[in-house]
Amino acid sequence: MIVELDEMKNYLRVDHEDDDSLIENLISSAEAICLDVSRCGTMEEFSEAENSKIAVLYATAYLYEHREEADHHAMLLTLRALLFGVREGGF
């Protein structure tokens, strides 16, 4: 994992354990989304990229805070902007 649970909870300002499982699942989902957006070949390659951690923190926080009414298109546009410098040109 690029972002550990404790680091994510600190970023979210969550101080209880009730949502730990949810947050861990959202971190995994955010990493997969960011990997797809960056078009990096592997998670290892992605984790070394500039802004990879910030992108995962952002995506996880977005998914956590907007779990009822998430606008995934808006989230993806922001992730593309964050990861523009590392985004591979094509598949």
Side-chain angles (χ1 to χ4, degrees):
M1 286 168 99
I2 295 172
V3 175
E4 298 297 325
L5 177 62
D6 289 338
E7 183 178 17
M8 192 67 234
K9 287 175 67 174
N10 185 48
Y11 185 81
L12 293 170
R13 297 185 176 145
V14 172
D15 59 0
H16 55 82
E17 297 176 1
D18 298 346
D19 289 345
D20 284 5
S21 180
L22 171 64
I23 294 169
E24 286 177 329
N25 289 330
L26 292 176
I27 292 169
S28 295
S29 295
E31 287 178 347
I33 292 167
C34 290
L35 180 63
D36 287 346
V37 169
S38 71
R39 298 180 181 158
C40 290
T42 65
M43 187 56 74
E44 182 179 322
E45 184 181 337
F46 173 70
S47 67
E48 295 172 4
E50 187 177 349
N51 289 339
S52 62
K53 183 175 268 199
I54 297 298
V56 173
L57 287 168
Y58 167 79
T60 305
Y62 188 90
L63 293 170
Y64 181 77
E65 293 171 357
H66 297 93
R67 55 187 170 250
E68 298 295 326
E69 78 292 333
D71 180 352
H72 295 285
H73 180 71
M75 179 185 71
L76 290 174
L77 289 175
T78 302
L79 289 174
R80 285 182 185 166
L82 279 169
L83 298 170
F84 181 77
V86 299
R87 189 172 154 102
E88 298 291 328
F91 291 99

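Residues take their numbers from the sequence shown, with the count starting at 1. What you see is a predicted model, and the numbers here were worked out from it, not measured in a lab.
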Any cation-pi pair here, Arg67 with Tyr64, using under 6.0 Å and within 45°? yes
Give, for atom CD of Glu50 and atom CG of Leu83, the distance between the pair rounded to the nearest 0.5 Å. 10.0 Å
Please give me the minimum heavy-atom distance between Leu82 and Asn51, naming the atom from each residue. O-ND2, 3.1 Å
Any donor-acceptor pair under 3.5 Å linking the side chain of Asn10 with the backbone of Asp6? no
For the atom pair CE (Met8) and CG (Leu26), what is the distance rounded to the nearest 0.5 Å? 8.5 Å
Could you state the interatomic distance from CG (Asn25) to CG (Asp19), rounded to the nearest 0.5 Å? 11.0 Å
Glu31 (side chain) donor-acceptor with Met1 (main chain) under 3.5 angstrom: no
Would you sort out whether Ile33 and Met75 count as a side-chain contact (heavy atoms from CB on, under 4.5 Å), showing the intermediate values? CA-CA 10 Å; Ile33 292 167; Met75 179 185 71; 4.0 Å; yes
Which heavy atom of Glu45 sits nearest to which heavy atom of Thr42, and what is that distance? N-OG1, 3.0 Å
Separation between NE2 of His72 and CG of Leu79, rounded to the nearest 0.5 Å: 11.5 Å
Looking at CD1 of Ile2 and CG of Leu57, how far apart are the two atoms once the value is rounded to the nearest 0.5 Å? 9.5 Å
Give a yes or no answer on whether the side chain of Ser38 reaches the backbone of Cys34 with a donor-acceptor pair at less than 3.5 Å. yes
Path from Tyr62 to Phe84 over hydrophobic side-chain contacts below 4.5 Å: no
Minimal non-hydrogen separation, Ala49 against Val86, with atom names: CB-CG1, 3.5 Å
Which heavy atom in Ser29 sits nearest to a heavy atom in Leu63, and how many Å separate them? CB-CD1, 4.5 Å
Working to the nearest 0.5 angstrom, can you tell me the gap between Ile27 CD1 and Leu22 CG? 10.0 Å
Residues Asp20 and Lys9 bridged, charged N to O under 4.0 Å: yes
I'd like to know whether NE2 of His73 has more than 12 heavy-atom contacts from other residues, nucleotides or ligands below 6.0 angstrom. no
